[in-house]
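In what follows, chains carry the letters A, B, and so on, assigned in the order in which the sequence lines appear, proteins first and then strands, with residues in each chain numbered from 1. Quick caveat, the model's predicted, so the values are computed rather than measured.
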Amino acid sequence: MIVNSHENVIEVEGLTNFHPQHIFECGQAFRWNWDGKGYIGVVADKVVRIVWDDKVLFIENANLDDFFTIWLDYFDLETDYGEITNVLSEDPMVREAIKYGWGIRILKQDPWEALVSFIISANNGIKRIKTIIERLSCRFGKEVLWQGQKYYTFPDIDALADADQAELKDCGCGYRGPYIKETAKLIREGQVDLSLLKTMSYKEAQKQLLKCPGVGPKVADCVLLFSLDKSQAFPIDVWVKRIMETLYADELRYSNGIRSFAEDRFGVYAGYAQQYLFYYAREMKIGK
DNA sequence: CCTCAGGGCTCTC
DNA sequence: GAGAGCCCTGAG
């Protein structure tokens, strides 16, 4: 991996297993949007555009300092996905799924943003999730300008802890409004300390997250996988449930549920396997 | 126009 | 542990 920079654009060469569409449209993050040239996203207080030409990754509006403090980690560029896909390919089902979802990377998002985002995700479609998060950011976040366009940071904890229910409702949160506000208050009061969760075990961190209203096993697993480096998390949504019951019907008959089966089968790579399977299920419209 | 499902959770029994 | 109900919106 060779990194260069000029005129506020980072160029990363020698990268493999990087497919922007699969990364940004697999439902792990909700603030990346295609603008005709690349994917524009807001991470912390930075707006960047990601352009990929099959050889070089361009990160526009970023300097070298940002690259090493933010983007290297955010895009999980130091993880060897070749090794992960090799190991997972021992399972013929996942090997097939990887054909469709190759180039996925698990983004290392901010835990607070991931927590709120996946509370919103409950019983909701990706399109509406994105709309709600944009409205929340627009109303409660801070404005960031880039190339004459306005973007908004994700709301901080105080902003949502102090939000009016009516405002949350206006943003389209529906019945999740109270969950968001109560979760924000719980974190502000220190009853759940997100900064400690990375150093905890998967099970301990999961237990903490489950204290938050609106957070059940699926949402907790998403937060653990997408923001807390818990690669053994295996979020089971309707898509993953369907694809697992389709692909592993026989094995599941003799196992103690999907979660337990995935843990045994995929181990610490369960989260990666889940991403390939989720993408595969949606592409193939399994069960539809 | 209608019905239904969507990266589920909470509450009740 | 099983089941109903849930804000709202896009898809059919």
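Side-chain N/O atoms of A/Tyr248 and A/Asp91 include a donor and acceptor closer than 3.5 Å.
Aromatic pair A/Phe118/A/Phe30: centroids less than 6.0 angstrom apart. The aromatic ring centroids of A/Phe266 and A/Tyr272 lie 6.0 Å or more from each other.
A/Cys26 comes within 4.0 angstrom of a base, heavy atoms only.
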Subject >> Letter per nucleotide, 5' to 3', of nucleotides 6-12 of chain C [B base touched, S only sugar-phosphate touched, - untouched; heavy atoms, 4.0 Å] >> reply: BBBS---
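Computed from coordinates, the A/Leu115 CG to B/dC9 P distance equals 12 Å when rounded to whole Å. Atoms CZ (A/Arg259) and P (B/dG8) sit 17 Å apart, rounded to a whole Å. Rounded to a whole Å, the NZ atom of A/Lys241 is 12 Å from the C1' atom of B/dG8.
Across C/dG5 and B/dT3, the matching P atoms stand 15 Å from one another, rounded to whole Å. Separation of the P atoms belonging to B/dT10 and C/dT9 is 23 Å when rounded to the nearest angstrom. The separation of B/dC9 from C/dG10, taken at their P atoms, amounts to 23 Å, rounded to a whole angstrom.
Ring geometry for A/Phe18 against A/Trp52 counts as tilted: the plane angle lies between 30° and 60°, on a 0 to 90° scale. Between A/Trp112 and A/Phe154, the angle of the ring planes goes over 60°, which puts this pair in the perpendicular group of the 30/60° scheme. The aromatic rings of A/Tyr179 and A/Tyr175 lie perpendicular to each other, with more than 60° between the two planes, well past the 30° mark.
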Original post:
Going through the checks in order, is the salt bridge (charged side-chain N to carboxylate O under 4.0 Å, His left out) test met by A/Asp221 and A/Lys218?
Top reply: CA-CA 5 Å; A/Asp221 267 342; A/Lys218 156 62 172 64; over 6 Å; no
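Residue A/Arg242 has no polar side-chain atom (N or O) positioned under 4.0 Å from OP1 or OP2 of B/dA5.
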Which pairs, protein N/O on one side and nucleotides 10-12 of chain B N/O on the other, fall under 3.5 Å?
{"residue": "B/dT10", "atom": "OP1", "partner": "A/Gly214", "partner atom": "N", "Å": "2.8"}

Original post:
Which dot-bracket string describes DNA chain B (Watson-Crick N1-N3 plus N6-O4 or O6-N4, or G-U N1-O2 and O6-N3, all under 3.5 Å; [ ] crossing; | other strand)?
Top reply: .|||||.||||||
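Crowding of A/Asn256 atom CG: a count of heavy atoms from other residues, nucleotides or ligands under 6.0 Å not exceeding 12.
The heavy-atom pair separating A/Glu13 from A/Val56 by the smallest distance is CG-CG2, 3.9 Å. Residues A/Arg176 and A/Ile119 approach most closely at CD-O, 3.5 Å, considering heavy atoms.
Only one option out of A/Arg49, A/Gln21, A/Glu25 pairs with A/Tyr39 in a side-chain hydrogen bond (donor to acceptor under 3.5 Å, both in side chains); it is A/Glu25.
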